[in-house]
Amino acid sequence: MTDLILTSRMVDHPADSHTIARYVDTGGYKALTKALSEMTPETIIEEVKASNMRGRGGAGFPTGVKWGFLAATEPRYLVVNGDESEPGTFKDRQLLERDPHQLIEGVIISSYALNVHHAFIYIRGEYPKPARRVQRAIYEAYEAGYLGENIHGTGFSLDITVHLGGGAYICGEETALLNSLEGRRGEPRLKPPFPAVEGLYAKPTIVNNVESISNIPWMINNSGIAYAAIGPERSAGTRMFSLSGHVERPGNYEVVMGMTWRDLIYDIGGGIPDGRELKAWIPGGASAPWFVPEEHLETLVTIDDIAQAGSMAGSGAVIVMDDTTNVVAAAHRLVRFFAHESCGQCTPCREGTSWLENVLRRILDGKGRPEDIDLLLEISNGISPGLAWPPAMTTICPLGPSAVSPITSITRWFMPEVEAMIGGSEVSNV
Amino acid sequence: MNQVISQWSHANQERAGKILDAYPEKRSAIMPLLYIASLEHDFASPDAMREVAELTGVTPAQVLSVASFYTMFKRDGVGKYLVSVCTSISCFLQGADEVLEAVEEATGIHHGETSEDGRFSVEHVECIGACGGAPAVQVNYELVEGLTPDKARQLIEWLTDSQPEVVLTDEMQQLFGGQRSFDWGSSEPEGAIAPVPAFGPYGSVGEDR
């Protein structure tokens, strides 16, 4: 259909796609030369706006529009969000490890467009190998004159600092990430002010996901309009999907959106192993409400179609569950995650996620009470009133409401199974 | 600065200086310096936190408030090999609980514990981004994907017997791993020398690497 944007180099040159020699040899840093010598910051921003690319971190906000909010004062900062921690997601890890120069070229072009002279790449602490690859690529880029003072005689200067996280999912939330980068607890900030106005060190800051920024060099080489022409109108470009769970061929797949879920799970993912049946899947990372085959196999894989069906494309993580899956056990595992990762600032999230975990735990232990389903829904409603998606918020950030997704999913689609577990019937574990 | 950390290795003192210079505000260096201090003191000890406080111009309590927020700053002693078993959803669906059980059996310790000989610490952790190669384990944050309970047991035995000074992700993957999240490409030369993420600027891939 179309050439891959992000992953063709690592597919064609598996041994050395991460090196500057291979990157330059395959057309790398051409976009940077073009951007710095032939384009103004304004024309670059126009290209990114024209691309209609929506941010790949989870929220799906158009990157060009976000850039447009950046306040005029200086200094200003660009921060790349490589904290990839949404359960089921491992796409940025591959982009960082296998093609770090693509990201770095994107950072340099973006920094030039945004008049930034110090950019940061925040990488989760559990990704030391991706961090080493990126750091070595940065050293190579300095040596080649793509970073540092007066880049290739253009008068533009940029430094990049890699910063490792400390093991906290919440730092993927952009204001928590900025607090972490400032040497503070990774607690999300109240917004407004938004980072584009008061971000890192209270200066104007753009925070973009690794995959988003990795797309920038292609846009400069091929134009924003060419990018917008790929795929459905409001889900432009290619997108990395991470397939995991009960699927024959787990892995990352760079695809053009607009296929059905049946295509993605059965054709691309190879279907369900061992002749099992598909029971449910999570379409966009642990935070997203689940889909089920009776309702959603023909739903289109686009950001808007997924949203209309009551869930979200999120981080592109697709977690597949077969018919042996105990949905209460799966929900417990998901809720346990959010309870563990809650930063503790907001009472509904801090208390509610742990209560949800405890109630699910006792159901799993065979000690469920008849009123537990109502209790789960009542606690959930306290975190996210109305139990809708996108969620109503009682909290600073969406972590709390994310913990509600597994609850609404199992009670909506698998109520008889949940009731049977509370009733003491035998249900096989995973 | 050098007085505060004069007992640190010369190379780590230099690294600390570079890290402090790499940020517009010194406070941003707290997390990187905590990793270096954890190497110097074997974990994020009270002394380590005091030194980081002095280097960054904040109080020790402020450093503690940061260290205590993040799971990777170990404020209690930690074994030579920190074995982190992912038990989040994708690994759980592929049998991670059985892998954790095997690791606990082979080391004789449970989540959050350190063996008496100081060789192992074991923990179950939330998603480490290896979902396509589930179930996954990290040793000193270096990754092995596609484990089975048997392979996990063998990994622990191998660590016990060969006691590698540098934990290399490709070596472990080759010996004990299976399904990977994606093609890893060429092998990675650097590895972990301690239960701290192995990253050159933090001094955690060894001297002169």
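Labels below follow one simple rule: chain letters A, B, ... track the order of the sequence lines, proteins then strands, and each chain is numbered from 1. The figures here come from the full heavy-atom set of this structure, side chains too, leaving out hydrogens, waters and symmetry mates.
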### Query
CE/A:Met240 to CZ/B:Phe182 distance, rounded to the nearest 0.5 angstrom?
8.5 Å
### A:Pro250 side chain near B:Gln94 side chain, heavy-atom distance below 4.5 Å
no
#### Entry: Selection from A:Glu126, A:Arg93, A:Glu182 maximising heavy-atom pairs under 4.5 Å formed with chain B
A:Arg93
#### Entry: B:Tyr23 and A:His118 side chains, donor-acceptor separation under 3.5 Å
no
### Query
Looking at NZ of A:Lys129 and CG of B:Leu143, how far apart are the two atoms once the value is rounded to the nearest 0.5 Å?
8.0 Å
### Query
If you count heavy-atom pairs under 4.5 Å with chain B, which of A:Glu86, A:Met10, A:Arg98, A:Arg336 comes out on top?
A:Arg98
### Query
What pair of heavy atoms forms the shortest contact from A:Arg132 to B:Val205, and how long is it?
CD-CG1, 3.9 Å
### Task
Sort B:Ser88 into side chain, backbone, both or neither according to what part of it lies under 4.5 angstrom from a heavy atom of chain A.
both
#### Entry: Most contacts with chain B, counted as non-hydrogen pairs under 4.5 angstrom, among A:Ser85, A:Ala15, A:Ala286
A:Ala15
#### Entry: Interatomic distance, A:Leu181 atom CG to B:Glu25 atom CD [nearest 0.5 angstrom]
10.5 Å
### Message
I need the B:Asp183 CG to A:Asn252 CG distance, nearest 0.5 Å.
### Response
12.0 Å
#### Entry: Minimum-distance pair of heavy atoms, taken over all atoms of B:Cys127 and A:Gly88
SG-N, 3.8 Å
### Query
Are the side chain of B:Ser181 and the backbone of A:Gly251 linked by a donor-acceptor contact shorter than 3.5 Å?
no
### Message
Between A:Arg333 (side chain only) and B:Ile89 (backbone N and O only), is there a donor and an acceptor less than 3.5 Å apart?
### Response
no
### Query
Between A:Arg249 and chain B, which part of the residue has a heavy atom less than 4.5 Å away: side chain, backbone, both or neither?
neither
## Note on the structure
With chain A, the option among B:Ala198, B:Ala130, B:Cys86 that has the most non-hydrogen atom pairs under 4.5 Å is B:Ala198
### Query
Checking A:Ser180 against chain B: side chain, backbone, both or neither under 4.5 Å from a heavy atom?
both
### Query
Who among B:Thr87, B:Leu34, B:Val58, B:Ile30 has the most heavy-atom pairs with chain A under 4.5 Å?
B:Thr87
### Query
Side chain, backbone, both or neither: which part of A:Glu84 has an atom under 4.5 Å from a heavy atom of chain B?
neither
### Query
Quick one: what part of A:Val162 sits under 4.5 Å from any heavy atom of chain B, side chain, backbone, both or neither?
both
### Query
Tell me, side chain or backbone of A:Cys343 under 4.5 Å from chain B's heavy atoms, or both, or neither?
both
### Task
Go through the atoms of B:Gln179 and report whether side chain, backbone, both or neither lie under 4.5 Å from a heavy atom of chain A.
side chain
### Message
Can a donor-acceptor pair be found, under 3.5 Å and without considering hydrogens, that links the side chain of A:His340 to the backbone of B:Glu126?
### Response
no
### Task
Under 4.5 Å heavy-atom distance to chain B, tell me which part of A:Ile170 shows up: side chain, backbone, both or neither.
side chain
### Query
Would you say B:Pro24 and A:Tyr77 make side-chain contact, with heavy atoms under 4.5 Å?
yes
### Message
Is a donor from one side chain sitting under 3.5 angstrom from an acceptor on the other, for B:Ser65 and A:Arg184?
### Response
no
#### Entry: Between A:Asp16, A:Asp322, A:Thr161, the one whose heavy-atom pairs under 4.5 Å with chain B are most numerous
A:Thr161
#### Entry: Contact leader toward chain B among A:Gly165, A:Pro75, A:Gly186, where contacts are heavy-atom pairs under 4.5 Å
A:Gly186
### Task
For B:Gly129 and A:Tyr127, work out which heavy atoms get closest and say how close.
CA-OH, 3.4 Å
### Query
Non-hydrogen atoms of chain B under 4.5 Å away: do they reach the side chain of A:Glu341, the backbone, both or neither?
side chain
### Query
In terms of heavy-atom pairs under 4.5 Å, which option from A:Lys91, A:His13, A:Arg136 contacts chain B the most?
A:Arg136
### Task
Supply the atom-to-atom distance B:Tyr70 OH to A:Cys171 SG, rounded to the nearest 0.5 angstrom.
4.0 Å
### Query
What residue in B:Phe199, B:Tyr35, B:Tyr141 has the most heavy-atom pairs under 4.5 Å with chain A?
B:Phe199
### Message
Let's test your reading of the structure: which of B:Ala22, B:Gly132, B:Ser28, B:Ser186 forms the most heavy-atom pairs below 4.5 Å with chain A?
### Response
B:Ser28
### Query
Does A:Leu164 offer a backbone N or O that forms a donor-acceptor pair with the side chain of B:Tyr202 under 3.5 Å?
yes
### Task
Select one option (side chain, backbone, both, neither) describing which atoms of A:Phe338 are under 4.5 Å from chain B's heavy atoms.
neither
### Summary
One option among B:Ile19, B:Val196, B:Asp97 has the most heavy-atom pairs under 4.5 Å with chain A, and it is B:Asp97
